[in-house]
Structures are given as structure tokens and as C-alpha cells.
Amino acid sequence: MQHNQQIVFNGVDADSGDYLTEPRRIAEWSDLADVTQRPGFASQVDAGLARRSTPLRLIAGVDRGALAQTGWCVIVPTSIDAAIKEALQPLLQWRARQAGARYRRIDLDPDPDMSCATFLEGQGVGPGPVDPSVFPYYVLLVGGPEQISFDFQTDLAIAYAVGRLDLASPGAYARYAQAVVDAEQRRPARRHAVFFGVSRKNDRATELSRRELVEPIARDFTRRSQGLGWSVETIVGEEASKARLQSVVEAPSMRDGFLLTAAHGLGFRQPSMRQRALQGAVVCAEWHGPDRVRARVPGSHYFAGRDVGPSCRVEGAMCLGFGCYSAGTPERDTFFQGEGRMPIQARSDFVAQLPQALLGRGALAYVGHIDRAWTLSFDWGVAGPQLSVFNSLFIELLQGLPIGAAMDAFGERCGAIAVQLAESGARHRSDRSSASGRRRAHLLIAYHDAKNYVVLGDPAVRFNDAEN
């Protein structure tokens with residue numbers, strides 16, 4: 001996003017109240033392009049592009065909404081606590097009933113270096129469209145990224161509908177499993193959707209997300225959901241306070257509903273004891289903005305996992321969080337490779353506690369972002385706002401499609417960017433101009449931003465409005 005020849009980033013530093021990443025001049029983007037030409041880094045990017053530029057889809061004739069056709073698989077690390085495996089039984093038995101012969105459970109020895117390609121080859125999967133008779137389309141990963149890596153998850157999601165369930169306790173897993181079964185066995189007469197967008201006049205990042213993401217999506221959702229039993233509420237600007245968000249998740253109307261939040265994500269420049277508990281929390285309207293005296297952001301200014309208590313009423317709901325680290329944090333920074341090295345961000349990869357807490361109280365799924373989030377997700381510079389990916393997600397959710405399949409549009413967009421990025425690499429090797437460098441860096445950031453959207457929860461959950 002351009003503002004006085006600067007890029008203004010999403011994310012607020014928990015310790016200073018300032019931007020987590022200082023605004024940078026547009027010219028600095030070309031430095032990132034030069035980093036990508038270093039042999040080691042270039043080979044890493046090229047390997048990712050080769051996978052992403054040819055996204056695969058289901059073979060013809062398979063209904064993405066019918067688990068008996070698509071199949072459903074759970075991958076469970078052998079190191080997972082036996083109590084967690086027991087807690088998941090209601091969900092596993094329900095999916096086994098739905099998927100029939102195409103239900104599969106895989107007990108996997110944890111290996112953080114395991115590649116997705118090697119895993120799939122071991123399952124009999126080679127190049128070509130996804131064939132559920134060989135390996136199921138819907139895949140639930142159980143456990144954290146220290147057991148099954150974020151890279152494995154995002155690579156598998158190139159072709160498959162993938163979700164991750166990483167919760168705080170066996171009790172949270174049990175509540176989640178039962179919530180899915182209960183939600184898919186009832187047909188709510190009414191549903192409620194809330195579009196929550198923080199915005200400050202002196203903060204370019206949230207102004208854009210309110211104006212170009214939250215408000216237009218809310219309008220489109222309102223139009224498309226007419227006659228389908230939905231009510232829609234839009235909460236933006238100064239109204240988007242922590243107290244208001246707290247009241248939303250505690251309202252009975254949020255049961256079986258939908259919540260979108262768009263705001264700065266709380267973050268930490270260095271690993272700390274507070275980071276795992278608070279990283280990715282929603283920075284609400286109480287935040288003073290970037291122009292005040294620096295000070296630690298108080299808990300009254302953000303909504304975190306610790307704010308989700310027993311009074312939370314999100315059973316059967318789905319959530320989308322646009323903000324830095326809303327789904328999780330990788331150990332190393334994806335975006336700023338100074339001197340070809342990715343700086344340390346955390347002691348290890350971890351899933352954010354806010355979605356963990358919501359899922360542990362019965363929310364069905366949470367779509368969020370690993371690492372920093374960028375307005376490139378919905379604003380493409382000269383081309384202007386780009387909302388087709390988000391609108392496609394909501395259209396298919398309203399049609400009753402499982403959330404993992406509804407995320408296909410995100411994968412397709414990532415593949416399209418991968419093609420452009422591969423082409424830009426060849427041009428940049430012969431054209432070392434600053435314009436070429438900026439274009440290359442722009443695409444590289446957009447590529448990583450696009451691939452880092454993930455589903456937390458079972459990817460086969462849906463808004464159930466029909467008989468099972």
C-alpha cells in the first residue's frame with residue numbers, strides 16, 4: 001500500500017504500541033528482490049513455485065460436498081496424548097459414518113523435516129488430479145507444527161482440503177469434537193454474521209481493510225444471504241472496541257453464526273514468555289494509533305485467547321481473522337530476508353491462542369494467517385480492490401460447501417501469483433532496474449501472503465441446512 005512513498009504495515013508491537021514493522025520506502029522492496037537471486041534462497045523459492053503454479057483439483061465427477069465420494073482422513077502423530085485421541089472419538093466416528101469406505105486414519109511418526117511430496121508418494125499419490133479412491137480429499141491434521149509442520153500443511157493444501165486441530169487440553173478437543181457432531185445434526189432457523197473492522201483515521205492499514213475489505217464484503221454477504229435465514233451486523237471504526245467484540249462472542253446469536261475480524265494483530269519483535277499467549281490477538285479500537293507516546297499496549301486494547309471464557313457462545317460458528325499472526329507464527333520471518341537470512345521470530349512455530357480458544361469453546365473452524373498479513377490480499381495497487389477470493393469463500397459457505405473446499409479460491413490465487421513470480425524471476429535476471437526489483441519483491445511478498453492462509457479445525461465442517 002502506498003502512502004507518501006512508504007509501505008505501512010499491518011501489526012502492532014505489544015511492547016511499544018507502534019507498528020510492529022516500521023513504514024518502509026517503496027525503494028527498499030528492490031532489496032528483497034536481490035535477496036531472492038542468491039542461489040540458496042532462489043532454489044527454495046523455485047521449488048515452492050513449481051508446486052504452486054500447477055494447483056491440482058479433484059477428478060471429474062466427484063461432489064466436493066459428499067464425504068462418501070471425497071473421503072476424509074485424519075493424520076495423528078504417534079506422540080499425541082492418548083487422552084486426546086479418546087477425546088476425538090465422537091468426531092472420528094461421525095466422519096467414518098459419513099465417508100464410509102473412504103474414511104482413513106493415519107498414525108504418523110512426527111518428523112518436522114518430512115516433505116509433503118514424500119508423504120503423498122508413500123500413500124500411492126503421484127502427479128495428476130486428486131483421486132479420492134487413492135487418498136481422501138479432506139485431511140485433518142492433529143497437533144501442533146512442532147509435530148506436523150506449517151510447510152507440510154500449506155503444501156498439502158495445494159491440492160487437498162486441509163485443516164489443523166491444535167488445542168490446549170483433551171477437554172478442549174472433546175468439546176470441539178462434540179460441537180461438530182451437534183452442529184451438523186441440527187438445522188438452525190436463523191444465523192447471524194458479524195463483520196468487525198477496526199479503523200483509525202491516522203492509520204492507513206486499518207482504513208484500507210475497513211473500506212476495501214470489511215464493508216464491501218459485508219454488503220455482498222447481505223445481498224447473497226437474503227432469504228437464507230441470515231441476519232448481518234457490521235461493526236467498524238470506533239465502535240469496533242474490545243468490549244463490543246467481547247459482547248459479540250458472548251451473544252446467543254453467535255451460535256451457528258459467522259464472525260470476520262479485520263484489525264492489526266498484536267505481535268512481538270523478539271521471542272518472549274508473553275508471545276505464545278498473545279501473538280495474533282485482535283488490536284481493537286481502544287489502541288491509540290501510531291502517533292502517541294510509546295508504551296506497552298494494555299490488555300484492555302486487544303482481544304486475546306485468554307478473553308474467551310465459559311460465557312463464550314460460538315458453538316457451531318465459523319471465523320475468519322484478517323491480521324498478522326491470526327492463525328500462527330513461524331519460527332523464522334517469511335518476508336524480510338536480510339542478507340539472504342530469515343530472522344528469528346519465535347523460539348519455534350506455534351498456533352495462535354485466540355483461534356485455539358474459540359475452537360475449544362465449540363467454534364467449527366477458523367481461517368487465519370501464518371506470519372504477517374498484507375493488504376495485498378485484497379488490494380492490488382493499480383488494479384485496485386480484489387475481493388473475488390473472499391467473496392468466493394462466502395458464496396460457497398452459504399451454499400453449504402465444507403470450508404476446506406470453499407478455500408479452493410485461495411489456492412488458485414496463490415497459484416496465479418506463483419506463475420507471475422516465476423516469470424518475473426527470469427526477467428529480473430536480465431533487467432536489474434529498480435522497477436523490475438520492486439515488481440519482483442511485490443510478487444514475492446504477495447505469494448507468501450497468499451499461501452499462508454490456513455484452516456484451523458476440521459476442513460469438512462459446513463453450515464448445515466440440509467439432512468445428513
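Because only heavy atoms are used, hydrogens play no part in the values below, and waters and symmetry mates are left out as well, while side chains stay in.
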ask   = Can you check whether D63's main-chain N or O pairs, donor with acceptor, with Q69's side chain at less than 3.5 Å?
value = yes

ask   = Under the 3.5 angstrom rule, does the side chain of R164 hit a backbone N or O of V455 as a donor-acceptor pair?
value = no

task = May I ask you to check whether E184 and W94 show a side-chain donor-acceptor distance below 3.5 Å?
result = yes

Among R210, E207, E215, side chain to side chain donor-acceptor pair (under 3.5 Å) partner for S199 = R210

Short side-chain to backbone donor-acceptor contact, R306 and A277, under 3.5 Å = no

query = Would a distance-only check, ignoring hydrogens and angles, find a side-chain to backbone donor-acceptor pair under 3.5 Å from D13 to L20?
reply = no

message = So S326 and Y366, do their side chains get closer than 4.5 Å, heavy atoms only?
response = yes

inquiry  = I'd like to know if the side chain of K242 reaches the main chain of G299, judged simply by a donor and an acceptor atom lying under 3.5 Å from each other, with no hydrogens or angles considered.
reply    = yes

query = Judged by atom type as modelled, is there a donor-acceptor pair below 3.5 Å linking the side chain of Q153 to the main-chain atoms of G163?
reply = no

request  = Using only heavy-atom distances, determine whether the side chains of Y453 and S377 contain a donor-acceptor pair under 3.5 Å.
outcome  = yes

Report all side-chain donor-acceptor pairs from residues 390-405 shorter than 3.5 Å, counting only partners two or more places apart or in another chain.
unit_1	atom_1	unit_2	atom_2	d
N391	ND2	L387	O	3.4
E396	OE2	R64	NH2	2.8

side-chain contact (heavy atoms from CB on, under 4.5 Å) assessment of V180 paired with Y176 = CA-CA 6 Å; V180 172; Y176 178 82; 3.6 Å; yes

inquiry  = What I'd like to find out is whether the side chain of V76 reaches to under 4.5 Å of the side chain of L141, using heavy atoms alone.
reply    = no

ask   = Just checking, any donor-acceptor pair under 3.5 angstrom between side chains of R276 and S348?
value = yes

query = Between R224 and D220, is a salt bridge (Lys or Arg N to Asp or Glu O under 4.0 Å) present by the stated rule, with each step listed?
reply = CA-CA 6 Å; R224 294 183 185 278; D220 189 77; 2.7 Å; yes

request  = Would you indicate whether the side-chain heavy atoms of D155 and S115 approach each other to under 4.5 Å?
outcome  = no

task = Of all the heavy-atom pairs spanning L167 and G360, show the shortest one and how long it is.
result = CD2-N, 4.2 Å

ask   = Considering residues, nucleotides and ligands other than E238, do more than 12 of their heavy atoms fall under 6.0 Å from its CD?
value = no

task = Any chance you could lay out the salt bridge (Lys or Arg N to Asp or Glu O under 4.0 Å) test for E233 and R244, step after step, and finish with the verdict?
result = CA-CA 12 Å; E233 182 179 10; R244 189 69 181 276; 2.8 Å; yes

ask   = With a 3.5 Å cut-off and no angle check, do the side chains of Y19 and D203 form a donor-acceptor pair?
value = yes

request  = Specify the closest pair of heavy atoms between I80 and G143, including all atoms of both residues, with the distance to one decimal.
outcome  = CD1-CA, 4.0 Å

request  = Start with the C-alpha gap between Q279 and L266, add the side-chain angles, then the distance that decides, and say whether side-chain contact (heavy atoms from CB on, under 4.5 Å) holds.
outcome  = CA-CA 5 Å; Q279 186 118 317; L266 193 72; over 6 Å; no

task = Look up atom CZ in F196 and atom CD in E239, then write down how far apart they are to the nearest 0.5 Å.
result = 10.0 Å

task = Decide yes or no on side-chain hydrogen bond (donor to acceptor under 3.5 Å, both in side chains) for H448 and T334, but give the supporting numbers first.
result = CA-CA 7 Å; H448 284 299; T334 306; 5.4 Å; no

request  = Using a 4.5 Å cut-off on heavy atoms from C-beta on, say whether the side chain of C284 contacts that of H301.
outcome  = no

query = Hey, are D107 and T78 close enough side-chain-wise for a donor-acceptor pair under 3.5 Å?
reply = no

Just list the side-chain donor-acceptor pairs under 3.5 Å for residues 252-261, sequence neighbours left out, or say none.
unit_1	atom_1	unit_2	atom_2	d
D256	OD1	R186	NE	3.2
D256	OD1	R186	NH2	2.8
D256	OD2	R186	NE	3.0

key: Interatomic distance, Q123 atom CD to I75 atom CD1 [nearest 0.5 angstrom]   = 7.0 Å

query = Do H264 and V198 have side chains that get closer than 4.5 Å, going by heavy atoms?
reply = no

task = Indicate the atoms forming the closest heavy-atom contact of I148 with F152, along with that distance.
result = CG2-CD2, 3.5 Å

request  = Flag the pair F150 / V454 as yes when at least one side-chain heavy-atom distance between them is below 4.5 Å, and no otherwise.
outcome  = no

request  = Grab the two heavy atoms, one from A218 and one from V232, that are nearest each other, plus how far apart they are.
outcome  = O-CG1, 4.3 Å

ask   = Are the charged groups of R372 and D449 less than 4.0 angstrom apart, N to O?
value = no

query = Within a strict 4.5 Å, meaning less than it, do heavy atoms of the P385 and F378 side chains meet?
reply = no

ask   = So how far is it from D131 CG to I59 CD1, rounded to the nearest 0.5 Å?
value = 4.0 Å

remark   = CG of L67 to OH of Y138, rounded to nearest 0.5 Å, is 6.5 Å

For residues 310-325, which side-chain N or O atoms pair as donor and acceptor with protein atoms under 3.5 Å away, sequence neighbours left out?
unit_1	atom_1	unit_2	atom_2	d
S311	OG	E250	OE2	3.0
Y325	OH	Q345	OE1	2.8

inquiry  = With side-chain contact (heavy atoms from CB on, under 4.5 Å) as the criterion, how do D307 and V249 come out once you've worked through the C-alpha distance, each side chain's angles and the decisive distance to 0.1 Å?
reply    = CA-CA 10 Å; D307 298 306; V249 301; over 6 Å; no

request  = Check L58 against T70 and note the closest heavy-atom contact, atom names and distance.
outcome  = CD1-CG2, 4.5 Å

key: Check ion pair D15-R269 (N to O, under 4.0 angstrom)   = no

key: Short side-chain donor-acceptor distance under 3.5 Å, S149 and D151   = no

inquiry  = Tell me if the centroids of the rings in W230 and H192 come within less than 6.0 Å of each other.
reply    = no

message = Centre-to-centre under 6.0 Å for Y137 and W72, is that the case here?
response = no

query = Once you round to the nearest 0.5 Å, how far does CZ of R211 lie from OG1 of T206?
reply = 10.5 Å

remark   = Looking only at heavy atoms, the pair that brings L354 and V308 closest together is CD1-CG2, 3.8 Å

task = Find the distance between CZ (R95) and CG (L88) and round it off to the nearest 0.5 Å.
result = 12.0 Å

request  = Show your reasoning for whether side-chain contact (heavy atoms from CB on, under 4.5 Å) applies to F135 and I106.
outcome  = CA-CA 11 Å; F135 189 75; I106 297 174; 3.7 Å; yes

